[in-house]
Amino acid sequence: MKSLRHAVALLVPALLALGTALAFIVFGVARRVVTPSRRAPDTAILAVDTGAQTIELARTPDTELPGRYGLFTTGTYGYVKLGAVLSTDETTVRRKLLTQIESGARVDREAGFSGWYYASPSELHLRWESVLIGSLAGPCPAWFFPATSSTWVIQVHGRGVTRAECLRAVPVLHALGLPNLVVSYRNDGEAPRSRGGSYALGAAEWRDVDAAIAYALRHGAERVLLMGWSMGGAVSLQAAVNSGNRDRIAGLILDSPVIDWRTVLRFQAREAGMRAPLPDLAMSALSVPLTARLSGAEEAIPFDRLDMVARAEELTMPILILHSDDDGFVPSDASHALQEARPDLVTMPHFSVARHTKLWNYDQVSWTKAITDWVTAQGFSASA
């Protein structure tokens, strides 16, 4: 408590000394970190050829990637699937449409390029059911894909998206005989809203995953694997070190994970053109109860506890990290640092070119092989 009072005593006067305008900027930046929101459009639809079933997009590091992707838009079609890149120039990319767009359809210009690909569990043509997981936050909806193994996979989606993000992994894990529980968590737009409605960056959300672990154990699982995507990686790691059922967590699969939030937020601030010390001031504001609440957080964000490189010695289970060195949103530095800190636990095959959470889309063969080889080597598959 003495150190906390000392932090408040230093931070609040420091912000006030900076001036009201700068203090508002700091709190505004901090608020964006913890406020749930869908990602803004990141590309533009320039043309649609309904005869050839092709689409022309503004060229970005994401839209030029080979592979299969999704595109969120508005108009007649809310979501369409994209296939191969057919041509590019300095400013545009032309791709094959995998969702047929009819002549006369209205497709608005603004769009969001996505790695989801699958938007609904019915697209996988596997048996599934909707279930509710009782958490302290309230009933959290989940999709359950049954299979033969007593080792279940609990999949945890990332920030600003929903559980549909995880559907790409279900077929490969199901083929290994592993049941999949694809979960939601507080404030993600599907699970209940908490009192303040803000993200805790994994510091609170792990409790909803812990409830999912308990659900799995009550329904026939003997052990679980946690698979976390992006912020879902941070949530899964917190469950791995905090859960009362952590002895039943057999391993972690992390796709483009957040291992240390400070690394991620400093990177994203630089990419957005923010200069030091603004990102660190925003994180400091989120670290102290009074200024955290002024920034929209329900509780202070414990960045030290969320730094899993610093806490690497607390990890006890094997971990597979799938992270592109060209991620562009969550840098792979902390993933490499965790692998270096715990080479006895962490397997991290090399990936590059693919962008954030788009490894499956860019190189499905290598991504699938990495998971299959690791699951088999660890003895988690139904046939092992």
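- With hydrogens and angles disregarded, no donor-acceptor distance shorter than 3.5 Å links the side chain of Thr99 to the backbone of Val80.
- Side chains of Thr63 and Thr60: a donor on one and an acceptor on the other come within 3.5 Å.
- In terms of modelled atom types and a separation under 3.5 Å, the side chain of Ser352 and the main chain of Asp325 share no donor-acceptor contact.
- Between the side chains of His323 and Ser335, at least one donor N or O lies within less than 3.5 Å of an accepting N or O.
- Comment: Asp62 engages Lys358 in a salt bridge, judged by a side-chain N to carboxylate O separation of less than 4.0 angstrom.
- With hydrogens and angles disregarded, a donor-acceptor distance shorter than 3.5 Å links the side chain of Glu165 to the backbone of Gly158.
- Glu271 places no side-chain N or O within donor-acceptor distance of the main-chain N or O of Gln268, the cut-off being under 3.5 Å.
- Residue Val183 forms a side-chain contact (heavy atoms from CB on, under 4.5 Å) with just one option from Ile154, Leu226, Asp188, and that option is Ile154.
- No donor-acceptor pair under 3.5 Å is formed between the side chain of Gln238 and the backbone N or O of Ala204.
- Looking only at side-chain heavy atoms (C-beta outward), Tyr79 and Leu71 stay at 4.5 Å or farther from each other.
- Atoms CG and CD, on Leu97 and Gln53 in that order, are 5.5 Å from each other to the nearest 0.5 Å.
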(request) Go through Thr35 and Ser37 one step at a time and tell me if the side-chain hydrogen bond (donor to acceptor under 3.5 Å, both in side chains) criterion holds. (result) CA-CA 6 Å; Thr35 301; Ser37 62; over 6 Å; no

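- Val224 pairs with exactly one of Val153, Val209, Ile213 by the side-chain contact (heavy atoms from CB on, under 4.5 Å) rule, that one being Ile213.
- In this structure, Asp210 does not pair ionically with Arg246, as no charged nitrogen and carboxylate oxygen lie closer than 4.0 Å.
- Side chain of Ser230 to backbone of Gly232: no donor-acceptor contact under 3.5 angstrom is found.
- Counting only distance, with no hydrogens or angles, the side chain of Arg311 and the backbone of Arg305 share a donor-acceptor pair below 3.5 Å.
- Asp327 places a side-chain N or O within donor-acceptor distance of the main-chain N or O of Val330, the cut-off being under 3.5 Å.
- Side-chain contact of His174 with Asn180: a donor-acceptor pair under 3.5 Å is absent, judged by distance alone.
- Under the 6.0 Å distance and 45° angle rule, Arg68 counts as a cation-pi partner of Tyr117.
- Trp261 is not listed as a side-chain neighbour of Asp307, based on a closest heavy-atom distance of 4.5 Å or more.
- Trp206 places a side-chain N or O within 3.5 Å of a backbone atom of Ala203 that can act as its donor or acceptor partner.
- Thr376 and Asp373 share no donor-acceptor pair across their side chains, judged by distance under 3.5 Å alone.
- We find that Asp280 and Arg266 are joined by a salt bridge, their nearest charged nitrogen and carboxylate oxygen being less than 4.0 Å apart.
- In this structure, Arg223 forms no cation-pi arrangement with Trp152, as its terminal cationic atom is not both closer than 6.0 Å to the ring centre and no more than 45° off the ring axis.
- Going from atom CE of Met348 over to atom CD of Glu340 covers 9.5 Å, rounded to the nearest 0.5 Å.
- Between the side chain of Ser324 and the main chain of Asp326, a donor-acceptor pair closer than 3.5 Å is present.
- For Arg94 and Glu56, the salt-bridge test fails: no basic side-chain N is under 4.0 Å from an acidic carboxylate O.
- Of all non-hydrogen atoms in Leu201 and Ala234, the two that sit nearest each other are O-CB, 3.9 Å.
- In summary, the aromatic rings of Trp367 and Phe351 are positioned with their centroids too far apart to meet the 6.0 Å limit.
- A donor atom on one side chain and an acceptor atom on the other are found under 3.5 Å apart for Gln155 and Trp229.
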(message) Does Arg106 form a salt bridge (charged side-chain N to carboxylate O under 4.0 Å, His left out) with Asp108? I'd like the steps, not just the answer.
(response) CA-CA 6 Å; Arg106 181 173 69 86; Asp108 294 340; 2.5 Å; yes

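- A donor-acceptor pair shorter than 3.5 Å can be found between the side chains of Arg168 and Asn361.
- Contact check for Glu190 versus Arg163: side-chain heavy atoms found under the 4.5 Å cut-off.
- Residues Leu315 and Leu338 have side chains in contact (heavy-atom distance under 4.5 Å, counting atoms from C-beta outward).
- Atoms OG1 and CG, on Thr368 and Leu176 in that order, are 9.5 Å from each other to the nearest 0.5 Å.
- Taking CH2 of Trp143 as the reference point, atom OG of Ser184 lies at 9.5 Å (rounded to 0.5 Å).
- Expressed to the nearest 0.5 Å, how far CD1 of Ile45 lies from OH of Tyr77 amounts to 12.0 Å.
- Ring orientation note: the planes of Tyr185 and His157 are close to parallel, at an angle under 30° on the 30°/60° scale.
- Using modelled atom types and a 3.5 Å distance limit, the side chains of Glu298 and Ser194 yield a donor-acceptor pair.
- If you take CG on Asp247 and OG1 on Thr316, they are separated by 9.0 Å, rounding to the nearest 0.5 Å.
- Looking at every heavy atom in both residues, Val26 comes nearest to Ala285 through CG1-CB, 4.2 Å.
- Other residues, nucleotides and ligands contribute over 12 non-hydrogen atoms within 6.0 Å of the CG atom of Leu86.
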(request) Run the numbers on Arg95 and Thr54 for side-chain contact (heavy atoms from CB on, under 4.5 Å), then give the verdict. (result) CA-CA 6 Å; Arg95 306 188 72 113; Thr54 61; over 6 Å; no

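- Atom CD of Glu64 sits in a crowded spot, with more than 12 heavy atoms from other residues, nucleotides or ligands closer than 6.0 Å.
- Ion pairing between a basic and an acidic side chain is recognised when a charged N comes within 4.0 Å of a carboxylate O; Arg59 and Glu90 show no such pairing.
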